[in-house]
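In this text the structure is predicted, and so the values were computed from the model without any measurement.
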Amino acid sequence: MKVNDLFLKDIHRNIEGVITASKASDEQIYQELDEYVVTKELQGHFKTFFDAYKKGILGDTSKMGVWIQGFFGSGKSHFLKILSYILENKEINGKTALNFFTEGDEFTRKIKDDLTIADMMLAVNVPTNVILFNIESKHQTGIEEKNSLVNVFLKVFNDSLGYSTIPQLADLERNLDKQGKFGLFKVIFEEIHGESWVSSRHEIDFLEDEIVKTLVKVEFFSESAARNWFIKYESDYKISIEEFAQLVEEYLQAKGNNEHIVFLVDEIGQYIGGNRSLTLQ
């Protein structure tokens with residue numbers, strides 16, 4: 001017998017040395033969930049998190065923020081990523097994220113506490129838009145420091161809804177959506193331009209005529225109003241934290257049925273550093 005044969009799993013499989021908040025393949029996600037070890041300490045952290053999280057499901061609470069604290073290399077990013085999989089209850093190869101933690105008896109399952117499992121089941125049964133991201137990678141240079149944090153949140157929020165990461169353009173798409181014209185807009189734009197809206201919209205500076213024609217055709221703007229929108233598009237975009245919160249609230253209210261949205265932000269402590277302005281945000 002070789003040493004290789006003593007191990008349950010293939011020792012030559014790829015193992016990620018650093019866990020990041022980036023998108024992963026289904027194979028990587030399955031491996032992360034399957035091989036995640038829930039230590040005695042992590043049992044307590046899962047209990048604390050889901051016990052607090054259920055308060056927003058069963059009623060109203062202003063306590064909607066969680067800070068994951070630990071020294072460098074302690075597994076903060078990994079824990080955050082695992083929470084994202086569970087809250088989304090992502091299904092991989094016919095197995096949900098929750099299954100990885102609750103299957104088996106009280107001795108073999110990863111989560112031992114029945115109450116924690118009940119809280120986790122409550123969480124995954126609520127429709128949830130889970131937005132996991134590394135804040136440093138989403139930060140756009142040149143943005144005013146005092147507005148940088150809310151602009152990053154706005155960018156990832158818009159992207160999660162299928163809107164452009166350009167805030168002015170996302171607002172236009174959002175308003176088209178409210179009037180039920182966004183789908184028609186994309187169809188007509190492709191007929192005029194020859195390429196899809198989603199693959200072309202990042203080149204908006206070169207598409208004024210095509211966009212104006214499309215907006216007029218879907219009866220959203222007159223031609224003069226559409227041209228004026230382009231003039232305003234060139235100006236700096238500003239949004240306050242309160243306005244962003246209202247934008248998120250409108251989205252949740254439109255969804256109804258106790259819809260939740262969760263922003264899971266990696267490396268935010270490093271991003272903020274000792275900056276008082278960012279800490280207040």
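- Side-chain contact between Glu243 and Leu247: absent, with no pair of heavy atoms (C-beta onward) separated by less than 4.5 Å.
- The aromatic rings of Phe133 and Phe263 lie perpendicular to each other, with more than 60° between the two planes, well past the 30° mark.
- Salt-bridge check for Asp171 with Arg174: passed, with a basic side-chain N closer than 4.0 Å to an acidic carboxylate O.
- Taking the six-membered ring for Trp and thresholds of 30 and 60 degrees, Phe244 and Phe153 have ring planes more than 60 degrees apart, a perpendicular arrangement.
- Side-chain atoms of His193 and Glu210, non-hydrogen and from C-beta on, do get closer than 4.5 Å to each other.
- When side chains are defined from C-beta on, Val124 does not count as touching Phe50, because their heavy atoms never get closer than 4.5 Å.
- Taking 4.5 Å as the limit, some side-chain heavy atom of Leu149 sits within range of a side-chain heavy atom of Tyr271.
- For the pair Asp114 and Arg109, the salt-bridge criterion is met [side-chain N within less than 4.0 Å of a carboxylate O].
- Looking only at side-chain heavy atoms (C-beta outward), Leu83 and Val262 stay at 4.5 Å or farther from each other.
- Using a 4.0 Å cut-off between charged nitrogen and carboxylate oxygen, Glu223 and Arg227 count as a salt-bridge pair.
- With His260 as the partner, the side chain to side chain contact (heavy atoms under 4.5 Å, CB included) test is satisfied by one option alone out of Asn129, Val126, Leu87: Val126.
- Using the six-membered ring where Trp is involved, Phe101 and Phe46 have ring planes that are tilted, between 30° and 60° apart.
- Using a 4.5 Å cut-off on side-chain heavy atoms (C-beta onward), Gln43 and Thr116 make no contact.
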